[in-house]
Amino acid sequence: MKNLAIIAARSGSKRIPNKNTKQFHNKPIISYPISAAITAGCFDTVMVSTDSDLIANLAISIGASVPFLRSKETSSDDATTTDVVNEVLNRYSKIGIQFDRVCCIYATAAFITPKIILDCLNIFSDPNIDAVVPVCKFRPPIWRSFNIVNKNLNWIWGGLRSVKSQDLQDSYHDAGLCFWVTTKAFQETGQIIGRNTRPLIISSNYCQDIDNQEDWEIAELKFNQIIKCA
């Protein structure tokens, strides 16, 4: 089975300028997912999908390949990760290279580890699995959440407000690290989470979206704590 790692690294971040190359604990943040993918040792190719020559050159210096730059369409604000994976697979297919499974890793996934990557891959020992996604448990329970309508606070699931927290069903969110999918399932459905998608439940210590400067600062504090405890 041939495995492809795609590190998705579009330029042009508006909330955190140059986010994918910004220094995170004295290293460009994109170096963490690239190094984790290479160290995992399970990929035939570790490539970076980017529209930036700067990111491409940095990725190559770390050890990834950048066989082509993204198209204008997949570099737009409206492009999805699914669009990026589809483009990469099509570009490789045109030069006669096929992959059985794809692991798409986010460029700011500083908390991803080789173990997380390999734990996801091991779930594919069941031949019926189409995709694997690392997830974290919502804390506090999502069933206790509110929305705001006309400035008023409202229960979203008001019928559950009298249920004890320990009796509520566990709910999970994407850990924002990566996802694995078989090429066959992806090309048939055009989706990542589809027919037979399994979770890899991970500690919230390794889960941190980085969408703005506050997220970045929290991520650095959390990362520093993980290093101290390692």
Side-chain angles (χ1 to χ4, degrees), residues 5-40 46-64 66 69-70 74-85 103-117 119-120 133-140 142 145 148 171-180 192 200-230:
I6 302 172
I7 288 88
R10 184 175 72 92
S11 65
S13 174
K14 296 178 177 62
R15 288 174 290 185
I16 303 177
N18 304 313
K19 179 169 76 169
N20 293 329
T21 57
K22 184 177 170 68
Q23 293 288 304
F24 185 89
H25 281 273
N26 302 315
K27 292 166 57 177
I29 196 165
I30 195 175
S31 69
Y32 293 94
I34 292 175
S35 297
I38 292 171
T39 303
V46 176
M47 69 88 66
V48 170
S49 170
T50 184
D51 57 331
S52 162
D53 287 326
L54 175 64
I55 294 174
N57 291 333
L58 176 59
I60 291 168
S61 73
I62 298 167
V66 186
L69 293 179
R70 284 195 197 184
T74 56
S75 301
S76 72
D77 291 339
D78 297 326
T80 65
T81 305
T82 300
D83 295 329
V84 172
V85 173
C103 179
C104 184
I105 307 174
Y106 300 106
T108 56
F111 292 87
I112 197 163
T113 65
K115 184 180 186 302
I116 290 173
I117 292 170
D119 284 349
C120 287
V133 180
V135 297
C136 291
K137 185 186 295 187
F138 272 107
R139 299 181 185 276
I142 192 173
S145 59
I148 299 174
S171 52
Y172 301 86
H173 61 90
D174 185 348
L177 297 175
C178 69
F179 62 82
W180 278 85
I192 297 159
L200 175 71
I201 301 173
I202 65 170
S203 166
S204 59
N205 289 340
Y206 294 88
C207 177
Q208 178 64 47
D209 278 339
I210 303 179
D211 292 326
N212 54 47
Q213 186 58 37
E214 181 181 6
D215 291 341
W216 188 282
E217 291 168 5
I218 293 170
E220 287 190 314
L221 290 171
K222 184 183 287 190
F223 190 89
N224 188 52
Q225 189 62 35
I226 290 172
I227 291 173
K228 286 181 179 178
C229 295

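As the structure is a prediction and not an experimental result, all values here were calculated from the model. Heavy atoms only: backbone and side chains are in, while hydrogens, waters and symmetry mates are out.
- Considering every non-hydrogen atom in both Ala107 and Ile7, the closest pair reads CA-CG2, 3.9 Å.
- Cys120 SG to Ile105 CD1: the interatomic distance, rounded to the nearest 0.5 Å, is 9.5 Å.
- Asp83 contributes no side-chain N or O that, together with a main-chain N or O of Ala79, makes up a donor-acceptor pair within less than 3.5 Å.
- Between Met47 atom CE and Ile60 atom CD1 the span is 10.5 Å, to the nearest 0.5 Å.
- Using modelled atom types, one side-chain atom of Tyr32 and one backbone atom of Phe24 make a donor-acceptor pair closer than 3.5 Å.
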Next on the checklist: Pair Val133, Leu200 - check side chain to side chain contact (heavy atoms under 4.5 Å, CB included), show working.
Outcome noted: CA-CA 6 Å; Val133 180; Leu200 175 71; over 6 Å; no

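- Thr50 places a side-chain N or O within donor-acceptor distance of the main-chain N or O of Ala9, the cut-off being under 3.5 Å.
- The shortest non-hydrogen separation linking Ile38 to Ala64 is CD1-N, 4.3 Å.
- Nearest heavy-atom pair across Cys136 and Ser203 is SG-O, 3.8 Å.
- Between the OH atom of Tyr206 and the CD1 atom of Ile226 there is a distance of 5.0 Å, given to the nearest 0.5 Å.
- Taking 4.5 Å as the limit, some side-chain heavy atom of Leu177 sits within range of a side-chain heavy atom of Ile202.
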Q. Please walk me through it: do Val84 and Cys104 pass side chain to side chain contact (heavy atoms under 4.5 Å, CB included)?
A. CA-CA 9 Å; Val84 172; Cys104 184; 5.9 Å; no

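- Nearest heavy-atom pair, Ser204 versus Lys222, reported as atom, atom and distance to 0.1 Å: O-NZ, 3.2 Å.
- The backbone N or O of Ile210 lies less than 3.5 Å from a partner atom in the side chain of Lys19, making a donor-acceptor pair.
- Across all non-hydrogen atoms, the minimal contact from Gly176 to Ala109 is O-CB, 4.2 Å.
- Using a cut-off of 4.0 Å between Lys/Arg side-chain N and Asp/Glu carboxylate O, Arg10 and Asp77 are scored as salt-bridged.
- Side-chain atoms of Asn57 come within 3.5 Å of backbone atoms of Asp53 as a donor-acceptor pair (strictly under, hydrogens ignored).
- No more than 12 heavy-atom neighbours from other residues, nucleotides or ligands sit within 6.0 angstrom of NZ on Lys115.
- Considering Leu58, Leu69, Ile34 in turn, Ile34 is the only one that fulfils the side-chain contact (heavy atoms from CB on, under 4.5 Å) rule with Val48.
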Would you check, one step at a time, whether the test side chain to side chain contact (heavy atoms under 4.5 Å, CB included) holds for Ile117 with Trp180? CA-CA 9 Å; Ile117 292 170; Trp180 278 85; 3.9 Å; yes

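- With values rounded to the nearest 0.5 angstrom, Thr80 atom OG1 is found 7.5 Å from Ile192 atom CD1.
- With a 4.5 Å cut-off on side-chain heavy atoms, Gln23 and Pro28 count as touching.
- Between Asp51 and Ser11, the side chains place a donor N or O and an acceptor N or O closer than 3.5 Å (distance only, hydrogens not considered).
- A distance of 10.5 Å separates OG of Ser35 from CD1 of Ile30, quoted to the nearest 0.5 Å.
- Classification of the Phe223-His25 ring pair by plane angle, with boundaries at 30° and 60°, yields tilted.
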Verdict with supporting geometry, Glu214 and Ile218, side chain to side chain contact (heavy atoms under 4.5 Å, CB included): CA-CA 6 Å; Glu214 181 181 6; Ile218 293 170; 4.1 Å; yes

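- With values rounded to the nearest 0.5 angstrom, Trp216 atom CH2 is found 7.5 Å from Thr108 atom OG1.
- No donor-acceptor pair under 3.5 Å is formed between the side chain of Arg15 and the backbone N or O of Asn212.
- Counting only heavy atoms from C-beta outward, the side chains of Ser13 and Lys22 never approach each other to under 4.5 Å.
- Shown here for Ile116 and Phe111, the closest heavy-atom pair between the two residues is CD1-O, 4.1 Å.
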